[in-house]
Amino acid sequence: MIPRLLNFVILTPYYTRIFKPDEYGIITELYAYIIVLQVLLTYGMETGYFRFSRDEKRKGLIYSIVQTSVLFTSVLFIIVTFLLGKSIANVLGYENKVILIFAVGLIVSMDAFSAIPFAKLRMEGKAMKFAIIKIINVVITLILVFGFLSFFPAYCLKNTNSILCALYVPEYKVEYVFIANIVASFFVLIMLFKEIYESELRFDIKIFTELLKFSLPVLIAGIGGSLTDAMDRILLKHLIKDGSDAMYQLGIYGANIKLSVIMMLFVQMFRYAAEPFYFENMYDKNAKNLYADVMKVFVFIGMLIFLFVLLNLNVFKLFIGRNYYEGLKIVPVVMMSYLFIGIQNNASIWYKITKKTMVGAYITAIGAILTIVFNYMLVPKFGYYGAAVTRLLTFGLMAAITIYLGNKKYFIPYRWSGIFLAITLSILFFILFSSLKLNESRFWFIYANSIVILYVFIIITFDKQLRKEAFKLSRYGRYKDQK
């Protein structure tokens, strides 16, 4: 989570102050493509490696086969990108920026290849090395970005004959964001040298077929999930009627999505903690009630974050430049969409426990289709606000489908009264705060956080079990003993 937080706290304010919205739109779009392509180039092999490496006798062989296959496809992708770079650039509208297409190809390929050594670190429980490399990757990116975009322009203006300045290209700006990423990804490969060296270039078609067969549902779900998450940024510029305004709107949209990062991080951290917790307690006779408690606690905390961020938006909006403030209206919509992602993550436990994981792939595929359909319906009319609403509708429907199917196959008695109370109360307080324009008052901070405290007080007062459930869940290792 630290790399993501560093990205938000440092890079987002920096980018949205030195880049115009149309320039930031390029960054937003290309990184959306990177999200999808990284899933495609690992094609579920990380999960396949986790599954098949449980066999101690074949553990080394499995690692070598997976690493060899991903290496081959990564190199192949680089070759294809360089051969077709100009054509791809023309299709995407980057005729004069072919270097960006080459950069995306290198970034995706190197990151895909490093994914398997990272999986090996996770498998071996080397969490510290994993975290350190991830953080160093961001630190290198930060240093290079500031160097390319701030230090070199000022330094070379005064030292025109410097050797360093001979390598600096003044015409590049957005390009240097991706060049910094390439260098950082290359250093990641160097830091993973030991794990890469331990794999031998071995290949077994029979074992690879087994791996691919197992990983195919993961690939389908992964591509569907990445498309659902990134498709709005990919389609936006193609669906806006005024082409000259497309990249501007994309930049506004991409910057304001970043303001939902606290909700996104909460959802991800909760998922990392909840999944092992769910499986650890799956044979408990009270497991279903426990899962219902988890969902209610999740929604309560999620809506607390929703209310806290939106009522204190006068502070959080400082993380983006003033040129992007017009897009603040999408922040509540995007935050709710992330909450629905979290609800779906929690509700998906039913098909994981019952080993019907293909259901997850189907739901994700439905989400990808809904994303495309809603974007085509809403973006031409409402611009980037339509893209935000698309996220909300898509993730809301995915959560609803997951819960509906779960009620039929593995019924969990969710505490709907408490869940609806938390959601309704939080939204009503936000509407009240906005309608009365309390954010424009000189005492807005006092009003905002008094309302947040009032929300917590009302929820705990009307839902007396919530505090007890939250306490139990925070000490889940002792949950069974307490029962």
Q.
For a side chain to side chain contact (heavy atoms under 4.5 Å, CB included) check, start with the C-alpha distance between Phe382 and Val389, then their side-chain angles and the critical distance, and finish with the verdict.
A. CA-CA 10 Å; Phe382 301 105; Val389 172; over 6 Å; no

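- The two residues Val379 and Gly386 come nearest to each other via the heavy atoms CG2-C, 4.2 Å.
- The pair Lys129-Glu195 meets the salt-bridge criterion, with a side-chain N (NZ, NE, NH1 or NH2) lying under 4.0 Å from an Asp/Glu carboxylate O.
- In this structure, the side chain of Arg271 does not engage the main chain of Val267 through any donor-acceptor pair within 3.5 Å.
- Put simply, CG on Asn346 and CD1 on Ile341 are 12.5 Å apart, with the number rounded to the nearest 0.5 Å.
- Interatomic distance, OG1 of Thr28 versus CE of Met247, reported as 7.5 Å (0.5 Å rounding).
- Between the side chains of Tyr253 and Asp232, a donor-acceptor pair is found at a separation under 3.5 Å.
- Between the side chain of Thr228 and the backbone N or O of Ala368, at least one donor-acceptor pair lies under 3.5 Å.
- A cation-pi arrangement is not found for Lys120 relative to Phe130, the charged atom failing to lie both closer than 6.0 Å to the ring centre and inside a 45° cone about the ring normal.
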- Message: Applying side chain to side chain contact (heavy atoms under 4.5 Å, CB included) to Met295 and Tyr291, what does each step give before you reach the verdict?
- Response: CA-CA 6 Å; Met295 179 71 88; Tyr291 298 160; over 6 Å; no

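- Other residues, nucleotides and ligands contribute more than 12 heavy atoms inside 6.0 Å of the OH atom of Tyr410.
- In Tyr385, the OH atom is not crowded: 12 or fewer heavy atoms of neighbouring residues, nucleotides or ligands sit closer than 6.0 Å.
- Judged purely by atom type and a 3.5 angstrom limit, Thr73 uses its side chain to pair as donor or acceptor with the backbone of Val70.
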Side chain to side chain donor-acceptor pair (under 3.5 Å) for Asn181 and Ser185? Distances and angles first, verdict last. CA-CA 6 Å; Asn181 196 328; Ser185 295; 3.3 Å; yes

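- Ser64 contributes atom OG, which lies 12.0 Å from atom CD1 of Ile116 (distance to the nearest 0.5 angstrom).
- Here the CG-CD1 distance, from Leu239 to Ile234, works out to 11.5 Å after rounding to the nearest 0.5 Å.
- How far CD1 of Ile403 is from CZ of Phe411: 11.0 Å, rounded to the nearest 0.5 Å.
- Taking 4.5 Å as the limit, every side-chain heavy atom of Leu310 sits out of range of all side-chain heavy atoms of Phe316.
- Side-chain atoms of Met335 and Leu259, non-hydrogen and from C-beta on, never get closer than 4.5 Å to each other.
- Using the six-membered ring where Trp is involved, Tyr324 and Tyr24 have ring planes that are perpendicular, over 60° apart on the 30 and 60° scheme.
- Note that Arg391 lies in the cation-pi zone of Tyr338, set by a 6.0 Å cut-off to the ring centre and a 45° limit from the axis.
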Practice item. Please test Val334 against Ile330 for side chain to side chain contact (heavy atoms under 4.5 Å, CB included), starting from the C-alpha separation and ending with a verdict. Key: CA-CA 6 Å; Val334 176; Ile330 73 167; 4.2 Å; yes

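- At least one cation-pi condition fails for Lys296 and Tyr414: the charged atom is not both under 6.0 angstrom from the six-membered ring centre and inside a 45 degree cone around its axis.
- Leu265 has its side chain out of reach of Phe8: every pair of non-hydrogen atoms, C-beta onward, lies at least 4.5 Å apart.
- Using a distance-only test at 3.5 Å, with no hydrogens or angles considered, no donor-acceptor pair links the side chain of Asn439 to the main chain of Leu311.
- Atom CG of Asp229 and atom OG1 of Thr371 lie 9.0 Å apart (nearest 0.5 Å).
- By the neighbour-count criterion of 12 heavy atoms within 6.0 Å, atom CZ of Arg4 is sparsely surrounded, having that number or fewer from other residues, nucleotides or ligands.
- In this structure, Lys258 forms no cation-pi arrangement with Phe319, as its terminal cationic atom is not both closer than 6.0 Å to the ring centre and no more than 45° off the ring axis.
- Taking 4.5 Å as the limit, every side-chain heavy atom of Leu421 sits out of range of all side-chain heavy atoms of Phe300.
- The side-chain heavy atoms of Leu397 and Ile366, taken from C-beta on, include no pair separated by under 4.5 Å.
- Stacking of Lys409 on the aromatic ring of Tyr351 is not recorded, the 6.0 Å distance cut-off and the 45° axial limit not both being met.
- No donor-acceptor pair closer than 3.5 Å links the side chain of Ser435 to the backbone N or O of Leu432.
- Val36 places a side-chain heavy atom less than 4.5 Å from the side chain of Leu227.
- Panel note: side chain Asn256, backbone Leu328; a donor-acceptor pair is recorded below 3.5 Å.
- Heavy-atom neighbours of Tyr376 OH from other residues, nucleotides or ligands within 6.0 Å: at or below the threshold of 12.
- Counting heavy atoms from C-beta outward, Thr402 and Trp350 have side chains that approach closer than 4.5 Å.
- When only modelled atom types and interatomic distance are considered, Tyr455 and Ser426 share no side-chain donor-acceptor pair under 3.5 Å.
- You'll find the ring centres of Phe178 and Tyr31 inside the 6.0 Å limit.
- Taking the side chain as every heavy atom from C-beta outward, Tyr384 and Leu250 never approach each other to under 4.5 Å.
- Between Phe429 and Phe433, the ring center distance fails the sub-6.0 Å criterion.
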